[in-house]
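Comments concern the structure below.
Convention: sequence-line order gives letters A, B, ...; per-chain numbering from 1.
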2 protein chains.
Amino acid sequence: MTAAESSAAGAASGSGAAPVTGASSGAARGMPTLEMVAELAGVSRATVSRVVNDSPKVTPEITRSVQAAIAELNYVPNRAARSLVNRRTQAIALVVPESTAKVFADPFFASVVQGIALFLAETDYTLNMLISSEGRPEKTRRYLLGGNVDGAIVVSHHSGDHSYAHLGQALPIVFGGRPLAEQNGSYYVDVDNVAGAITATEHLLSLGRRRIATIAGPQDMPPGVDRLAGWRQALGRAGVSDAMVELGDFSPASGAAAMRRLLDRGGPIDALFAANDQMAAGAFSVLHERGLRIPGDIAVVGFDDDYFGATATPALTTVHQPAAQLGAMMAEVLVKIIEGVPVERVTSLPTALVVRDSA
Amino acid sequence: MTAAESSAAGAASGSGAAPVTGASSGAARGMPTLEMVAELAGVSRATVSRVVNDSPKVTPEITRSVQAAIAELNYVPNRAARSLVNRRTQAIALVVPESTAKVFADPFFASVVQGIALFLAETDYTLNMLISSEGRPEKTRRYLLGGNVDGAIVVSHHSGDHSYAHLGQALPIVFGGRPLAEQNGSYYVDVDNVAGAITATEHLLSLGRRRIATIAGPQDMPPGVDRLAGWRQALGRAGVSDAMVELGDFSPASGAAAMRRLLDRGGPIDALFAANDQMAAGAFSVLHERGLRIPGDIAVVGFDDDYFGATATPALTTVHQPAAQLGAMMAEVLVKIIEGVPVERVTSLPTALVVRDSA
DNA sequence: TTGTATGCGTTATCAA
DNA sequence: TTGATAACGCATACAA
């Protein structure tokens, strides 16, 4: 992912002919309207509308005839018109900050999106994905407040970014990840990072390890602080020292650097809890470099259940995040808020330890 | 990515109070309308509309006063109303087949999406992402044909899936990847797989290798056949044997299996072109397993420039795909089609060889 | 239970 | 150049 500066650009090599596609939207032409259905069914538009929105009061017989007409004409209600009168768009925005978009390739994030989309597919909400450029956030703001969507889901890379929190009063918003500072009253769904870290650390303890170091994440990111806290708690309960801490920034390089610092301290280390798999990857390379065996000399547990884990040698034991469920839950919570169903402000999903070979 | 069956589900642990959010859309309440702007500016609605759509014929003076009113009221045009009269939604669908969604975590795919979103962010089109379940494709069809979007971009995993091709007559559609069978006249943008494979193979040849094997992709997928074809062409030109071919399905496991078969043939091999990095990864493990050195004994080149490549040992030389540009180009082509600007039916983007340590 | 009439916020046609 | 006014397709209060 390092080198590879592609020179690719607008090089277009044609082949087929390029028939000027007349103009404008093809589908919009001659779409059947509610009125046409009414005519065909021999009823009024109001009645058709009732059938479409399955209003309780309508004769079964007439209902069937209307449905037949609908089927025959292949009628499908015009969203814009409906939205205009309802004041509801049936659309939900998925806001992803540009900085996050760069690491869009993060499988965790990808799964979250997938979960959202899959859940929404079962409802009749549409997902409007938009990348918010940090440069001019007003554009996003305008879009969100412009009545284009009924609600929004904000996911930022390693969570904690609630810069759109203030919009929560104007528009239903659900965040992915705990906010850094306790927010007034924003909704969010998160994975239980503290519990996950505890599980990971206890696993190490159960293996008999007592010299357990950690490479923690940035302390200005909730997952960073929570995972460190979990590690501390587990160690505290076991009465084991929690002195061996080095910080990283969740990148492999920072993980490698932290591992070096840990090793260079000279003290004994028989286990490592890395706050994410990427940093564990960095640690792996340093460990190999110094001829230390995993898990023989040092057992290591990661966090995230990245793509790295399964293919690493040895395969990495790590804490799995239910990414897709996380996404689905965010969507579910948002839909509930939109529809006025009471929901808790914070929803937290459990992690699961995936035991492989490294610990 | 193998194990890890998370038991996570709907475990919700609350914390804050759950104030019933009244009901319905917050943003829709009391949004300023064009009429209000007109009133404030002391002009007619028509004039305001003209200013908004910057029609040429309108006094500079009056324009300013209207703009002032717009700013003061923080007016934003109602999309639904506009769409109702225009018959244009300013929305574009991104259709991703469910099977593709599963491998959503594919960084290549993710970058494509990113490219699309980024490009669209500069236009005033909205991106409606929808996962089409193979189970009932009618739902997607209805959505697409229901006048919800002005056009669609269809990306499927390893391309070639043009099952929505027939909709191309009713709605502007751009596909990612060359169709398997020559389609009537669908638009698509693709990477030049043949050229990429040629470049890769020629690189191997330039290194003096002459016993060049390949692990090809499925021959029912365009990239699979194109990359194999490219390899063959390069070999043919050099007058070198193209007998060493084994097929895989683009997965690491299949790559490993293919590598084993290749080695078990007993003939000499001094280089390998894997049709994608994932299969190269599988090959790597087998090579290591058998004590073969890379690139000493066997030089290997992959394709895709996956996450695997940079972190592999040795780092993988591979063919980079301009994923983001691909996405951007798809969006660009679609917008042109929608707006009636002539475009070539097929656009192909160049790849770039990324030389690292494996060849 | 069904139909009639009105309005949702814009754009477009036609006069002025 | 600007202003009335009529659609656009649908939902609903009200009348029947």
Side-chain angles (χ1 to χ4, degrees), chain A residues 23-25 27-67 69-70 73-90 124 145-148 150, chain B residues 24-25 27-67 69-70 73-91 124 145-148 150:
Chain A
S24 67
S25 40
R29 184 109 330 268
M31 296 250 308
T33 73
L34 193 153
E35 169 142 32
M36 299 169 64
V37 175
E39 201 164 347
L40 178 60
V43 297
S44 75
R45 300 181 312 198
T47 300
V48 177
S49 177
R50 293 189 182 101
V51 172
V52 170
N53 303 301
D54 41 50
S55 152
K57 307 168 180 303
V58 55
T59 308
E61 186 182 6
I62 221 167
T63 296
R64 270 182 294 109
S65 92
V66 169
Q67 282 170 336
I70 288 179
L73 294 179
N74 218 302
Y75 167 75
V76 75
N78 180 308
R79 229 171 173 130
R82 181 177 275 184
S83 163
L84 188 54
V85 33
N86 285 342
R87 268 111 183 304
R88 298 181 75 258
T89 64
Q90 295 295 89
D124 43 41
L145 264 29
N148 297 301
D150 294 336
Chain B
S24 67
S25 40
R29 184 106 332 267
M31 296 251 306
T33 73
L34 192 152
E35 169 142 33
M36 298 170 65
V37 174
E39 201 164 346
L40 179 59
V43 297
S44 74
R45 299 182 311 201
T47 300
V48 176
S49 178
R50 292 189 183 100
V51 172
V52 170
N53 303 300
D54 42 50
S55 151
K57 305 168 180 302
V58 55
T59 308
E61 188 182 3
I62 224 168
T63 296
R64 271 181 292 109
S65 92
V66 169
Q67 283 170 335
I70 288 179
L73 294 179
N74 217 302
Y75 166 76
V76 155
N78 180 308
R79 233 176 167 122
R82 182 178 272 183
S83 163
L84 187 55
V85 36
N86 283 342
R87 268 111 183 301
R88 298 182 74 257
T89 63
Q90 294 295 90
D124 44 40
L145 263 30
N148 297 300
D150 294 336

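Going from atom NZ of B:Lys57 over to atom C1' of C:dC14 covers 15 Å, rounded to whole Å. Remark: P of C:dT10 and CG of A:Leu84 are 9 Å apart, rounded to the nearest angstrom. One can place CE of A:Met36 at 12 Å from P of D:dC8, the figure rounded to the nearest angstrom. Rounded to whole angstrom, the span from the CZ atom of B:Arg88 across to the P atom of D:dG9 amounts to 16 Å. The distance between atom CD of B:Glu35 and atom P of C:dT11, rounded to the nearest whole Å, is 14 Å.
Considering only heavy atoms from C-beta on, A:Val48 comes within 4.5 Å of A:Val43 through its side chain. Put simply, the side chain of A:Leu34 reaches to within 4.5 Å of the side chain of A:Ser49, judged on heavy atoms. The shortest side-chain heavy-atom distance between B:Arg82 and B:Val52 falls under the 4.5 Å cut-off. B:Val37 is not listed as a side-chain neighbour of B:Thr33, based on a closest heavy-atom distance of 4.5 Å or more.
Of the residues near DNA chain D, B:Pro56 and B:Ala81, the one whose nearest nucleotide (by heavy atom distance) lies more toward the 5' end is B:Pro56. Between B:Ala46 and A:Arg79, the residue whose closest nucleotide on DNA chain D is further toward the 5' end is B:Ala46.
For the pair B:Pro32 and B:Asn74, the tightest heavy-atom approach, listed with the atom from each and the gap, is CG-O, 3.7 Å. Contact detail for B:Val76 and A:Gly146: the closest heavy-atom pair is CG1-CA, 3.7 Å. Minimum heavy-atom separation, A:Lys57 to A:Arg50: O-CD, 4.4 Å.
Distances were taken from every side-chain heavy atom of A:Arg45 (C-beta onward) to each of C:dA5, D:dT12, C:dC8; the shortest belongs to C:dA5. When each of D:dC10, C:dT11, D:dT2 is scored by its nearest atom to the side-chain atoms of B:Ile62, the top-ranked nucleotide is D:dT2. Side-chain proximity of A:Asn86 to C:dT1, D:dT1, D:dA11: nearest is D:dA11.
Within 4.0 Å (heavy atoms only), B:Val58 reaches sugar-phosphate atoms of the nucleic acid but no base atom. A:Val52 comes within 4.0 angstrom of no nucleic acid atom, judged by non-hydrogen atoms across all strands.
Remark: A:Ser44 is not in phosphate contact with C:dT4, judged by side-chain N or O atoms under 4.0 Å from OP1 or OP2. Dashed line: the shortest gap from a side-chain N or O of B:Asn78 to OP1 or OP2 of C:dC8 is not under 4.0 Å. Distances shown here put a side-chain N or O of A:Thr59 below 4.0 Å from the OP1 or OP2 atom of C:dT2. Between A:Arg82 and D:dA11 there is a side-chain N or O to OP1 or OP2 distance below 4.0 Å. Look at B:Thr33 and you won't find any side-chain N or O under 4.0 angstrom from OP1 or OP2 of C:dG9. An OP1 or OP2 oxygen of C:dG9 is reached within less than 4.0 angstrom by a side-chain nitrogen or oxygen of A:Arg87.
Rounded to 10°, the angle separating the first-five-pair axis and the last-five-pair axis of the helix from C:dT1-D:dA16 to C:dA16-D:dT1 equals 40°.
Counting heavy atoms of neighbouring residues, nucleotides and ligands inside a 6.0 Å radius, atom CD of B:Glu39 does not exceed 12 of them.
Residue-to-nucleotide contacts include a donor-acceptor pair under 3.5 Å from the side chain of B:Arg50 to the base of D:dG3.
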